[in-house]
Amino acid sequence: MLDLKQIRKNPQQVQARLNHRGDYDLEPLLKLDQQQRELETARSQLQARSNEIGKLVGQKIKSGADPKGSEVKALKEEGNDIKAQLSQLEPTEKEIKHQIESFLLALPNLPSESTPLGESEEQNVEVRRWGDEYIPQDKAILPHWEIGEKLGILNFERSTKIAQSRFVTLIGAGAALERALIQYMLDRHIQAGYTEVMPPFLVNSASLTGSGQLPKFAEESFKCDRDDLWLSPTAEVPVTNLHRDEILSSTDLPLHYCAYTPCFRREAGSYGRDTRGLIRLHQFNKVEMYKFVRPETSEAEHEALVNDAEAILQGLKLPYRVLELCTGDLGFSANKTYDLEVWLPSSDKYREISSCSNCGDFQARRASIRFKEPGVKGGQFVHTLNGSGLAIGRTMAAVLENYQQPDGSVQVPEVLQRYLGREVI
RNA sequence: GGAGAGGUGGCAGAGUGGUCGAAUGCGCUCGACUUGAAAUCGAGUGUACCGAAAGGUACCGUGGGUUCGAAUCCCACCCUCUCCGCCA
C-alpha cells in the first residue's frame with residue numbers, strides 16, 4: 001500500500017511513477033481525501049462539544065443539580081442535537097474512508113528509481129548469464145514431459161482423472177527427485193542462515209490482502225468458499241503474515257526465512273499456454289526465501305537474495321540468466337525484481353524459475369509490520385523481500401532436460417546424488 | 001458437531017454507566033546510588049488521524065443499538081481457549 005501522506009504531498013510525482021506501470025489516475029483519490037478531511041474536522045469538533053456536554057452533565061448531577069431541572073435538560077437537548085448532526089456526518093465519512101482504503105489497496109507499488117522503463121517483458125534487461133558451458137549440445141533433445149513419461153516418473157493423464165488438467169502425479173524416482181530437490185534447497189538456505197518455517201498452506205483473506213494478492217487478484221487463487229480460507233498461491237503469503245500487526249525490535253532484524261510449501265494457482269487467463277509438462281500447473285512445490293529487513297539495507301539484501309537463488313542453480317550446474325524486470329512487467333507488490341531464467345534445451349530458450357523482489361515497505365504497510373529502535377520513540381515500517389529458491393517443478397523440468405542421456409536415462413546432478421542414493425534415473 | 005470460559009496497552013492483569021486512554025505488576029528508557037554490575041530508589045513509557053502550534057478526535061475482538069455520556073448495559077457476528085464427540 002502506498003503512503004497516502006506521500007501521495008497528498010507529491011501527487012504529480014507519484015502519478016508519474018505509477019504511469020510507468022500502467023493506467024492509474026490519482027485524481028479521484030485526492031478528491032476523496034480532501035472531502036474526508038473536511039468531514040473529519042467538522043465531525044471531531046462536534047464530538048469535542050459532545051464530550052464536553054457529557055462531562056458537564058455528570059458534574060452538575062454530582063454537585064447536586066436536579067437531573068430533571070432546566071439546566072441539565074438544556075444540555076441534554078444540545079447533546080441530542082449534536083447526535084442528530086453526527087448521525088448525518090458519520091456514515092458519509094465512513095463511506096468515504098472505505099472508498100479511500102479500497103482505492104489505495106488497488107494501487108501497485110511504485111517502481112524503484114533504478115528499474116528500467118518499459119511496457120512489457122520485451123524491455124526486461126539481461127543482467128548476466130551463467131553456465132553456458134553446461135548447455136547440452138545434443139540435437140535430439142526431448143521435452144521433459146516426454147522424458148518423464150518414458151521413464152514412468154511423471155504422469156499427467158491419470159492426474160486429470162484425480163483432479164483436472166494442469167496437475168501432475170510424480171511416481172517412483174520422480175517423487176524422490178522432487179523431495180531431493182526440496183531438501184537440497186532447504187539445506188543450502190539453512191546453511192546460509194535462513195530459518196526454515198513450515199506454515200499453514202491455507203490462508204485467510206486478511207493474509208492475502210497483507211501480501212498484496214487481494215483485492216485485485218482474487219481470480220488467481222483457489223478459495224474454500226465456506227471458510228474464508230484460500231489455498232496459498234505462494235509461501236510469500238503465509239510468511240509475510242507471520243509478523244502481521246507486529247512491532248518488531250530492531251535487534252531482531254534482519255529476519256531471514258525459508259519455507260517449502262506447495263503453491264496453488266488458478267492460472268486463469270493462461271489457457272493454451274504451456275499446456276504440457278511441469279511449467280504451468282495448478283499445484284506446484286516451491287522453496288521460498290523471505291526477508292524482513294531495515295529499510296536502508298533492503299537493496300543490499302535484495303542482491304544477496306538473488307545470489308542465494310543463483311547458488312542453487314549453480315550447485316545443480318543448470319545454465320541460467322538473470323533479468324531485471326522493466327516497470328511494465330513488475331509484479332503488483334514489488335518495487336524492483338530480478339527474474340532467474342533457466343535454460344530449457346527442448347524449447348531452446350530460458351524460462352523463469354525464480355523471481356526475487358524487493359517490496360520496500362509496500363507489504364509492511366498493508367500488513368502493518370513495523371520495527372522499533374529500543375529507546376527511540378515511534379516505529380517505522382520494515383522492508384520485505386521475497387524470492388523463489390527455487391520453483392521445484394520447473395527445476396525438475398530443467399534437470400530432466402539438461403541431464404538427459406542419449407539412451408533416454410537421466411543423469412542425477414552431483415549435489416542430489418546423496419539425497420537420492422543413485423546416479424542415474 | 002455439543003457444552004462451557006474468554007477476547008483490555010510490548011506482556012500479565014484490574015476495571016460492570018461519568019474526571020478511564022484506562023489501576024497494578026513485569027518489561028523498556030532516563031536519572032540517582034555503585035569502581036562496574038546486580039539490587040534498590042525516583043521519573044518517564046500505547047497507536048492512528050487532523051493541526052504550524054496549542055490542542056482536538058478515534059481506538060478496550062468486529063458491527064449495530066440504548067444514553068447527555070459506554071471498556072462497562074442490550075443485540076448480532078468473528079476469533080481464541082478448555083472439556084466431550086469424530087479423526088491423521
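Throughout, a chain's letter reflects where its sequence line sits, starting with A, and its residues are numbered from 1. Just the heavy atoms: all of them, side chains too, but no hydrogens, waters or symmetry mates, feed the values below.
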A.B. asks: Send over the distance from A:Lys60 NZ to B:U19 P, rounded to a whole Å.
C.D. replies: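 Interatomic distance, NZ of A:Lys60 to P of B:U19: 17 Å.
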
A.B. asks: Quick check on B:G51: is either OP1 or OP2 less than 4.0 Å from any side-chain nitrogen or oxygen of A:Lys5?
C.D. replies: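 No.
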
A.B. asks: Which one, B:U57, B:C50, B:G63, comes nearest to the side chain of A:Gln47?
C.D. replies: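 Nearest listed nucleotide: B:U57.
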
A.B. asks: Got a sec, which residues hit salt bridge (charged side-chain N to carboxylate O under 4.0 Å, His left out) with A:Lys60, two or more places apart in sequence or on another chain?
C.D. replies: A:Glu71

A.B. asks: Please identify each residue that fulfils ring pair (Phe, Tyr, Trp, His ring centres under 6.0 Å) with A:Tyr419, with sequence neighbours left out.
C.D. replies: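 Per chain and number, A:Tyr419 pairs via ring pair (Phe, Tyr, Trp, His ring centres under 6.0 Å) with no residue.
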
A.B. asks: Sticking with atom C1', work out how far B:U62 lies from B:A39, rounded to a whole angstrom.
C.D. replies: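 It comes out at 46 Å once rounded to the nearest Å.
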
A.B. asks: So that I can compare with my own list, what are the stems of RNA chain B, taken as at least three consecutive Watson-Crick or G-U pairs with distances under 3.5 Å?
C.D. replies: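 Paired runs of 3+ in RNA chain B: B:1-7 with B:78-84, B:10-12 with B:24-26, B:27-32 with B:40-45, B:46-50 with B:55-59, B:61-65 with B:73-77.
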
A.B. asks: My understanding is that only residues two or more places apart in sequence, or in another chain, count here; which of them pass side-chain contact (heavy atoms from CB on, under 4.5 Å) with A:Ser102?
C.D. replies: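 Testing A:Ser102 for side-chain contact (heavy atoms from CB on, under 4.5 Å), a comparison that skips the adjacent residues, returns none.
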
A.B. asks: Over how many whole Å does the gap from A:Asp245 atom CG to B:A48 atom C1' extend?
C.D. replies: 13 Å

A.B. asks: Please report, rounded to the nearest Å, how far the P atom of B:A48 is from the CD atom of A:Glu93.
C.D. replies: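 Whole-Å distance recorded here is 18 Å.
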
A.B. asks: Can you check the distance between B:C30 and B:A37, where both ends of the measurement are the P atom (answer in whole Å)?
C.D. replies: 12 Å

A.B. asks: Using a cut-off of strictly less than 4.0 Å between a heavy atom of the residue and any atom of RNA chain B, enumerate the qualifying residues of residues 26-42 of chain A by number.
C.D. replies: A:Arg37, A:Glu40

A.B. asks: Would you kindly give the CZ-to-C1' distance between A:Arg43 and B:A48, to the nearest whole Å?
C.D. replies: 12 Å

A.B. asks: Within this structure, what is the CD1-to-C1' distance between A:Ile247 and B:G27, rounded to whole angstrom?
C.D. replies: 14 Å

A.B. asks: Provide the distance between the two P atoms, one in B:U19 and one in B:A70, to the nearest whole Å.
C.D. replies: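 That atom pair is separated by 10 Å.
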
A.B. asks: When you measure from the side-chain N and O atoms of A:Arg370 to the phosphate of B:G46, is any distance below 4.0 Å, counting only OP1 and OP2?
C.D. replies: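 Result: no.
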
A.B. asks: So, using side-chain contact (heavy atoms from CB on, under 4.5 Å) as the criterion, who are the partners of A:Asp66 when residues are at least two apart?
C.D. replies: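 A:Asp66 satisfies side-chain contact (heavy atoms from CB on, under 4.5 Å) with A:Lys68 once adjacent residues are dropped.
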
A.B. asks: Generate the contact string for nucleotides 65-74 of chain B. Rules: B means base contact, S means sugar-phosphate contact only, - means no protein heavy atom under 4.0 Å.
C.D. replies: --BBS-----

A.B. asks: Whole-Å distance between B:A48 P and A:Ile369 CD1?
C.D. replies: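 One finds 15 Å between P of B:A48 and CD1 of A:Ile369, rounded.
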
A.B. asks: When the C1' atoms of B:C59 and B:A71 are considered, how many whole Å apart are they?
C.D. replies: 11 Å

A.B. asks: Taking only the C1' atom of each, what is the distance from B:G10 to B:U45 in whole angstrom?
C.D. replies: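 To the nearest whole Å, 11 Å.
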
A.B. asks: Figure out the CZ/C1' separation between A:Arg8 and B:C49, and round it to whole Å.
C.D. replies: 9 Å

A.B. asks: Listed by chain and number, what are the salt bridge (charged side-chain N to carboxylate O under 4.0 Å, His left out) partners of A:Arg49, not counting sequence neighbours?
C.D. replies: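 Result, salt bridge (charged side-chain N to carboxylate O under 4.0 Å, His left out) vs A:Arg49: A:Glu52, A:Glu78.
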
A.B. asks: Can you tell me how far P in B:A48 sits from the matching atom in B:G25, rounded to whole Å?
C.D. replies: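 These two P atoms come out 26 Å apart once rounded.
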
A.B. asks: Can A:Arg294 and A:Glu301 be counted as an ion pair, charged N to O under 4.0 angstrom?
C.D. replies: no

A.B. asks: Which residues pass the salt bridge (charged side-chain N to carboxylate O under 4.0 Å, His left out) test with A:Glu401, sequence neighbours left out?
C.D. replies: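 Listed in chain order: nothing, the list is empty.
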
A.B. asks: Rounded to whole angstrom units, what separation is found between the CD atom of A:Glu52 and the C1' atom of B:U19?
C.D. replies: 14 Å

A.B. asks: Can you tell me how far C1' in B:G85 sits from the matching atom in B:A14, rounded to whole Å?
C.D. replies: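 The answer is 37 Å between these two C1' atoms.
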
A.B. asks: Output all residues satisfying side-chain contact (heavy atoms from CB on, under 4.5 Å) with A:Ser120, sequence neighbours left out; order by chain, then residue number.
C.D. replies: A:Glu122, A:Gln123

A.B. asks: Partners of A:Asp23 by side-chain contact (heavy atoms from CB on, under 4.5 Å), sequence neighbours excluded?
C.D. replies: none

A.B. asks: Apply salt bridge (charged side-chain N to carboxylate O under 4.0 Å, His left out) to A:Lys31 and list each qualifying residue two or more places apart in sequence or on a separate chain.
C.D. replies: none

A.B. asks: Do the charged groups of A:Arg43 and A:Glu90 touch, with an N to O distance under 4.0 Å?
C.D. replies: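 Salt bridge: no.
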
A.B. asks: Is it the case that the ring center of A:His243 lies less than 6.0 angstrom away from the ring center of A:Tyr290?
C.D. replies: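 Judged by ring-centre distance (under 6.0 Å), A:Tyr290 and A:His243 do not meet the cut-off.
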
